[in-house]
Amino acid sequence: MGIQGLLPTLKSIMHPRHAQEYAGKRAAIDTYSWLHKAVLSCSRDLCHGRHNDKYIDYCMRRVQMLRYYGVQPVLVFDGGSLPMKSDQEIKRARSRKENLERALEYERLGNHSAAYECYQRAVDITPAIAFRLIQVLRQENVQYVVAPYEADAQLVFLALNRHVDFVITEDSDLIVYGCPQIFFKMDKHGQGVGFQISDITANKDIDLSDFTKQMILEMCIMSGCDYLPSLPGIGVKRSHGLIKRFRTYQKALKHLEAKGVLIDPQYEQGFHRAILTFRHHRVYDPVKKEMVHLTGVPSELDTNLDFLGPHLPQTTATAIARGEVDPTTFESFQDFSSSGRLVADSNATVQNGVSNKKVGFSAKKNLPAINSSRTHQHHRSGSRPCFQLSDLKAALVSFLISWGLVCILLACNPQVESLV
DNA sequence: CTTCGGTTGATAT
DNA sequence: TCAACCGAAG
Ligand SMILES: [Mn+2]
């Protein structure tokens, strides 16, 4: 869900950026934001429990693109789900089931395009699907880490602790978690939109110049987030106005009550829990090799933190982070790879600096549809296939040919003129 | 003006 | 899955 309406109000400080501009930097990737798009090309197979490499190729093309531009990617995966989001998860599971039934029905009727649209809304990205990608990441020496819970918090932990320089995502929640630098909506060419928290004082639409991190957090929660629905009629604009005027959510709520707004007695506690869930989410520390909080819990805080999900012992947390066990069941993944390099490469998680084999940013010619991800070519470190130029040439040639044809047709047959 | 709910697109051919 | 977009309603 993210924070509805947050990104449009921050438009003035969102700047077009290219992956090139992040050369020499390390990026943490919100991998599920890739996977949700990647599975669109093979939804039918995945819905029927069949494996299909297309979603892996999608992700690996992006990894190679980033490496080509000198960006070192660290892929971060979602782990277990939080009790606070279980309502939403149940709704989504039901919606997926409905879409699967509709897909099967359309297919019976022979309407394949309608069926495919339903399949796309029916795919569930399971830990097994993620694990297939992880196996390829190991083979290609790409760093990765599986978060104990939400990837969002893990991404921000890596950024705050300088394991990475910025985060690549589609999700406005990263701002709420306090991520200092974000690259939104990066496409396959490396084009996207950059965000820096340090620019926040210059924002136009809503004035955030005197807002602390805490005030931004409270503004976002008040406008409605994954962990707490908003009071009816309160969105980003009104929550901004309230926090700007009263500085804290407690005072803002008192004001609303004084004005006669009815507020569920549970709402304030829910608000406090939402704050703690953002600030102290459980994450994996790749240096300490154990589960920690996103930011330290103050010693004076006496709230029970069970709603963050259980704290896991070090060995479990590490096995999850390395993608050795399913983060939802704690059961071992089976090794599907033919080369059986799982154990040998299992240290290729983010905590270990690994020797980076250079994988050229090879364009389509190296990734035909029939090509399995496991056959990705390794290039000599100096070899950098020129993706942009060859693509540009091809586009230019086809452009000239088509317009050449149009001109010839126009010259020979004046009737065509009316069609153009 | 602001919020809310529903729809669509993303991939790739 | 997310966000963008659009139109309805307060
Ligand atoms: Mn999120």
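Just so you know, these numbers come straight off a predicted model, no measurement behind them. Hydrogens, waters and symmetry mates are skipped; everything else that's a heavy atom, side chains included, is used.
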> Check DNA chain C against residues 88-105 of chain A and give the residues with a non-hydrogen atom under 4.0 Å, in numerical order.
A:R92, A:R96
> For A:Q4, give me all partners under side-chain contact (heavy atoms from CB on, under 4.5 Å), at least two apart in sequence or on another chain.
A:M1
> Enumerate, atom names and distances included, each donor-acceptor pair closer than 3.5 Å involving a side-chain atom of residues 260-276 of chain A, sequence neighbours excluded.
{"from": "A:D264", "atom 1": "OD1", "to": "A:Q266", "atom 2": "N", "distance (Å)": "2.7"}

> For residues 241-251 of chain A, pull every pair meeting salt bridge (charged side-chain N to carboxylate O under 4.0 Å, His left out), keeping only residues two or more places apart or in separate chains.
A:D207-A:K244, A:D210-A:K244, A:D210-A:R247
> Suppose we screen for ring-ring contact (aromatic ring centres under 6.0 Å, His included). Which residues come up paired with A:H255, at least two apart in sequence or across chains?
A:F246
> Which nucleotides of nucleotides 2-12 of chain B have their base under 4.0 Å from a protein heavy atom (B), which only their sugar-phosphate (S), and which neither (-), written as one string 5' to 3'?
SSS---BBBBS
> Using side-chain contact (heavy atoms from CB on, under 4.5 Å) as the criterion, list what pairs up with A:H36, not counting sequence neighbours.
A:Y32, A:I125
> To the nearest angstrom, how far is A:N52 atom CG from B:dT13 atom P?
12 Å
> Tabulated below should be each protein N or O lying under 3.5 Å from an N or O of nucleotides 3-7 of chain C; please produce it.
{"from": "C:dA3", "atom 1": "OP1", "to": "A:S172", "atom 2": "N", "distance (Å)": "2.9"}
{"from": "C:dA3", "atom 1": "OP1", "to": "A:S172", "atom 2": "OG", "distance (Å)": "2.8"}
{"from": "C:dA3", "atom 1": "OP2", "to": "A:M1", "atom 2": "O", "distance (Å)": "2.6"}
{"from": "C:dA3", "atom 1": "O3'", "to": "A:K185", "atom 2": "NZ", "distance (Å)": "3.4"}
{"from": "C:dA4", "atom 1": "OP1", "to": "A:K185", "atom 2": "NZ", "distance (Å)": "3.3"}

> Please collect all side chain to side chain donor-acceptor pair (under 3.5 Å) contacts where either partner lies in residues 216-241 of chain A, sequence neighbours excluded, each pair once.
A:K85-A:D226, A:Y177-A:Y227, A:D205-A:K237, A:Q214-A:E218
> Using the salt bridge (charged side-chain N to carboxylate O under 4.0 Å, His left out) criterion, which residues pair with A:R92? Sequence neighbours excluded.
none
> Check whether any side-chain heavy atom of A:Y58 sits under 4.5 Å from a side-chain heavy atom of A:S41, and report yes or no.
no
> Could you list the donor-acceptor pairs under 3.5 angstrom formed by side chains in residues 21-29 of chain A, with sequence neighbours left out?
{"from": "A:E21", "atom 1": "OE1", "to": "A:R17", "atom 2": "NH1", "distance (Å)": "3.4"}
{"from": "A:E21", "atom 1": "OE2", "to": "A:H18", "atom 2": "N", "distance (Å)": "2.8"}
{"from": "A:R26", "atom 1": "NE", "to": "A:H163", "atom 2": "O", "distance (Å)": "3.3"}
{"from": "A:R26", "atom 1": "NH1", "to": "A:H163", "atom 2": "O", "distance (Å)": "3.4"}
{"from": "A:R26", "atom 1": "NH2", "to": "A:R162", "atom 2": "O", "distance (Å)": "3.3"}

> Taking salt bridge (charged side-chain N to carboxylate O under 4.0 Å, His left out) as the cut-off, I'd like each qualifying pair that reaches into residues 98-123 of chain A, sequence neighbours left out, listed once.
A:R44-A:E107, A:E105-A:R108
